[in-house]
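Here's the structure we're looking at; comments come further down.
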Amino acid sequence: VGAGVIVVDAPRKFTILNNRLKYFIRQTTPVLFAKGKFPYSHIIVSLNSTSPAYLLQTSLEISALSGVPLQVLYVAAPKSLRNAKMEAELADRQRIVRDYEALERINLTYTVLEGNPVRQTLQYMQGFPNALMVIGNNPKQHISPFEPHIPFLLTERLFSSILIIPSVPA
């Protein structure tokens, strides 16, 4: 396990079979894919992760250190397709955001969208061309063209800089 952050001077767009991207996504150290959009106007954290509290805490620290406003995003399945587990995850994300607001005495902009996490996130990010996207990742998750891997697909398609933070073991 390394310390610090790996910074990759990323092209504006990757290809689906890019082994360089796969190599960096599998790292157990945070990786920043810098795409030339600095200074950042916003930090947008996606809570579509297995460790949303850790991701939000890290993003709050980055926001406080940089003085850049933080926005929180979660993309849930459409209401008609959600089961009890998905409803519990949605409620858990809302509770985490409210807990951090009370703890830090701040107001966070929390947006919940419904639909495909990749498409909805890309559409949401169009409103923030100079934002830094922060997402969580499980480095052990398999990456292939036939299995959706949200951090890989977002890094491949997003034109903004993206910080990928490996998830904390439960």
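Everything numeric here is computed off the predicted structure, so don't read it as measured data.
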Would you say the side chain of [Y] lies within less than 4.5 Å of the side chain of [X], judging by non-hydrogen atoms?
X    : Y    : value
L153 : L158 : no
P30  : I6   : no
R93  : Y110 : yes
N130 : Y40  : no
I165 : V31  : no

Can you list the residues that meet the salt bridge (Lys or Arg N to Asp or Glu O under 4.0 Å) rule with [X], with sequence neighbours excluded?
X    : result
K85  : none
E104 : none
R95  : D92, D99

Decide whether E114 and Y74 meet the rule of one side-chain donor and one side-chain acceptor closer than 3.5 Å.
no

Closest approach of [X] and [Y], non-hydrogen atoms and distance?
X    : Y    : answer
A34  : S161 : CA-OG, 3.7 Å
P166 : Q27  : CG-O, 3.9 Å
S49  : L55  : CB-CD2, 3.8 Å
P117 : N48  : CB-ND2, 4.2 Å
H149 : N138 : NE2-O, 4.3 Å
P151 : G136 : CG-O, 3.4 Å

Using only atom types and a distance under 3.5 Å, with no angle test, would you say the side chain of [X] pairs donor to acceptor with the backbone of [Y]?
X    : Y    : value
R157 : L122 : no
S160 : L132 : no
R82  : A77  : yes
N137 : I25  : yes

[X] side, atom [atom1]; [Y] side, atom [atom2] - distance, nearest 0.5 Å:
X    : Y    : atom1 : atom2 : result
I135 : L73  : CD1   : CG    : 11.0 Å
L70  : S63  : CG    : OG    : 5.0 Å
T155 : L163 : OG1   : CG    : 10.0 Å
D9   : F33  : CG    : CZ    : 11.5 Å
Q71  : M125 : CD    : CE    : 9.5 Å
T29  : F24  : OG1   : CZ    : 11.0 Å

Stepwise side-chain contact (heavy atoms from CB on, under 4.5 Å) check, V75 with N116
CA-CA 7 Å; V75 182; N116 181 305; over 6 Å; no

Please work out whether the ring planes of F128 and Y124 are parallel, tilted or perpendicular, with thresholds of 30° and 60°.
tilted

In terms of hydrophobic clustering (I, L, V, M, F, W, Y; side-chain heavy atoms under 4.5 Å; direct or indirect links), are M86 and I96 co-clustered?
no

Spell out, yes or no, whether F38 and V45 are grouped together once hydrophobic residues are joined by side-chain heavy atoms under 4.5 Å, including indirect joins.
yes

Step through the shown structure and confirm whether more than 12 heavy atoms of other residues, nucleotides or ligands are within 6.0 Å of CZ on R98.
yes

Check against side-chain contact (heavy atoms from CB on, under 4.5 Å), I162 and L32:
CA-CA 6 Å; I162 187 164; L32 171 64; over 6 Å; no

Salt bridge or not for E156 and K22, using N-O below 4.0 Å?
no

Do Y100 and Q57 pass the side-chain contact (heavy atoms from CB on, under 4.5 Å) test, and can you show the C-alpha distance, the side-chain angles, and the key distance before you say yes or no?
CA-CA 8 Å; Y100 273 100; Q57 177 186 2; 3.3 Å; yes

Under the side-chain contact (heavy atoms from CB on, under 4.5 Å) rule, what do V134 and I44 come out as? Steps first, then yes or no, please.
CA-CA 6 Å; V134 180; I44 299 174; over 6 Å; no

